[in-house]
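Have a look at the structure below, then the notes.
Since the model is a prediction, treat every value here as computed from it, not as a measurement.
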Amino acid sequence: DDISIASVAVDAGGIGDDEASQHRVRGGYDRLVRWLAARLIHHQVAVHYGCFVRRIDWGSDRVQLDYGSGSASAACAIITLPIGVLQSGEVEFRPALGDHRAAMSRLAMGQVVKLVLCLREPLWRDLAFVHGDGTAFPTFWIRSADGAQQITAWAGGPHARALSGFAADQLAERAIDELAGLTGVPASRLAEAVRHHHFHDHHADPYARGAYSYTRVHGGGAAAVLARPLGERLFFAGEATDADYEGSVAGALASGVRAAHQVLRQLGRSGA
Ligand SMILES: Cc1cc2nc3c(=O)[nH]c(=O)nc-3n(C[C@H](O)[C@H](O)[C@H](O)COP(=O)(O)OP(=O)(O)OC[C@H]3O[C@@H](n4cnc5c(N)ncnc54)[C@H](O)[C@@H]3O)c2cc1C
């Protein structure tokens with residue numbers, strides 16, 4: 001495809017080289033978001049939920065955000081929209097973004113189909129990964145905890161595109177058939193063991209427009225451009241703006257801290 005090999009090489013030297021340092025948030029990642037929101041609320045920051053921003057006016061001395069049912073204005077704004085949403089044109093910037101827009105076009109939103117099957121009881125004891133050759137889902141991983149077992153069926157890039165348009169039930173059926181074939185467990189037994197399945201179509205989601213960003217060929221340096229303030233008023237954050245940990249929660253968090261310091265400096269407050 002069009003991914004930059006140079007960016008893959010940078011990634012390989014980063015977060016992925018030390019498995020031992022990777023952790024999971026017990027109870028799910030939304031606990032992290034809730035924790036961040038609680039800190040904002042504690043500092044009396046108004047949080048507006050459910051507002052799909054349609055237009056961002058940053059041409060005057062304040063930034064104005066329009067979200068259909070209302071608007072908000074501020075001295076400056078940190079934009080954390082996913083790169084897929086920024087590229088879709090669904091959010092209009094006035095004036096247009098110039099170099100930042102050009103940098104966005106050097107990145108792309110990758111596609112992933114991730115389906116989770118939750119089993120009533122463990123079917124395997126010592127199986128962690130299953131790789132298929134020629135299967136729609138090339139990778140399955142299996143986790144056991146608290147007497148239950150969870151299977152993640154994963155397809156990325158071209159594999160994900162081939163599965164686009166499939167309904168969740170169809171994907172589950174496919175995953176069950178393929179994993180049964182790869183492990184020798186009868187498909188009927190596996191299907192019976194599935195208590196429920198979860199699937200989210202990130203590509204169709206207007207709040208995401210894809211799974212996570214990647215750097216396109218000749219796209220090196222795009223994240224660094226996006227990390228620069230624009231007109232002393234707009235600041236960009238989000239995983240796509242972090243050159244070190246693009247496409248990850250670590251990158252999203254680091255970019256948020258970086259943007260917060262930039263805003264504090266801009267407002268003349270200590271943030272360094
Ligand atoms: C299937 C999958 C598995 C992943 N696994 C991992 C993993 O194991 N480890 C890891 O580190 N990372 C993983 N990631 C990547 C990680 O989830 C992202 O990199 C990270 O969440 C990006 O954070 P962000 O703040 O940049 O963007 P987001 O979390 O996407 O936040 C952007 C926000 O903007 C909002 N928004 C969008 N449009 C509008 C609009 N018009 N108006 C107002 N708000 C809007 C969205 O609702 C969202 O809240 C995974 C991603 C996917 C899809």
Side-chain angles (χ1 to χ4, degrees), residues 1 3 15-16 19 22-34 50 52 82-85 87-88 90 108-214 239 247-250 252:
D1 266 30
I3 193 166
I15 201 164
E19 286 289 322
Q22 296 200 29
H23 303 277
R24 288 192 177 81
V25 180
R26 193 179 280 271
Y29 257 136
D30 65 330
R31 289 188 62 200
L32 183 60
V33 178
R34 284 177 205 281
F52 190 91
I83 208 76
V85 173
Q87 289 174 339
S88 72
E90 284 164 279
M109 206 61 169
Q111 303 306 331
V112 162
V113 171
K114 180 182 174 186
L115 175 87
V116 178
L117 304 171
C118 300
L119 307 192
R120 284 172 229 285
E121 51 178 1
L123 286 189
W124 296 276
R125 294 264 162 247
D126 299 314
L127 200 56
F129 278 96
V130 179
H131 296 287
D133 191 8
T135 48
F137 288 100
T139 310
F140 297 83
W141 63 90
I142 297 162
R143 284 191 63 226
S144 306
D146 306 326
Q149 202 159 45
Q150 184 179 299
I151 298 162
T152 303
W154 194 93
H159 289 97
R161 279 199 292 280
L163 286 171
S164 74
F166 280 67
D169 286 347
Q170 292 172 306
L171 291 171
E173 212 173 294
R174 188 85 176 248
I176 288 168
D177 280 349
E178 292 190 343
L179 186 60
L182 290 166
T183 58
V185 169
S188 56
R189 179 156 176 237
L190 179 50
E192 235 165 69
V194 175
R195 190 194 296 140
H196 45 81
H197 59 259
H198 300 279
F199 167 68
H200 184 76
D201 188 346
H202 292 91
H203 181 58
D205 184 340
Y207 291 95
R209 296 289 178 216
Y212 28 58
S213 74
Y214 65 90
E239 52 88 7
S248 73
V249 172

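L190 places a side-chain heavy atom less than 4.5 Å from the side chain of L119. Put simply, the side chain of I142 reaches to within 4.5 Å of the side chain of Q149, judged on heavy atoms. A 4.5 Å side-chain heavy-atom check between T152 and L115 finds every atom pair outside the cut-off. No side-chain heavy atom of H202 sits under 4.5 Å from any side-chain heavy atom of V112.
Here F140 contributes atom CZ and I151 contributes atom CD1; the two are 8.5 Å apart, rounded to the nearest 0.5 Å. To the nearest 0.5 Å, atom CD of residue E192 and atom CG of residue L123 are 10.5 Å apart. Note that CD of Q87 and CZ of R209 are 12.0 Å apart. Values are rounded to the nearest 0.5 Å.
Using a 3.5 Å distance cut-off with no hydrogens or angles, the side chains of H196 and H198 do pair a donor with an acceptor.
Summarising the geometry of A160 relative to A155, their closest heavy-atom pair is CB-O, 3.5 Å, with the distance given to 0.1 Å. In this structure, G147 and P122 approach most closely via the heavy-atom pair O-CD, 3.2 Å. When all heavy atoms of A136 and P138 are compared, the pair lying nearest together is O-CD, 3.3 Å. Closest approach of F137 and W154 over heavy atoms only: CD2-N, 3.7 Å. Heavy-atom minimum distance, P82 versus A208: CB-O, 3.7 Å. Residue E90 comes nearest to F52 through the heavy atom pair OE2-CZ, 4.4 Å, listed as atom of the first residue, atom of the second, then distance.
For residues 113-137, no residue pair satisfies the side-chain hydrogen bond (donor to acceptor under 3.5 Å, both in side chains) rule, not counting sequence neighbours. Counting only residues at least two apart or in different chains, side-chain hydrogen bond (donor to acceptor under 3.5 Å, both in side chains) contacts with residues 168-184 comprise D169-H197.
Of the possible donor and acceptor atoms, none in the side chain of E239 sits under 3.5 Å from a partner among the backbone N and O of A252.
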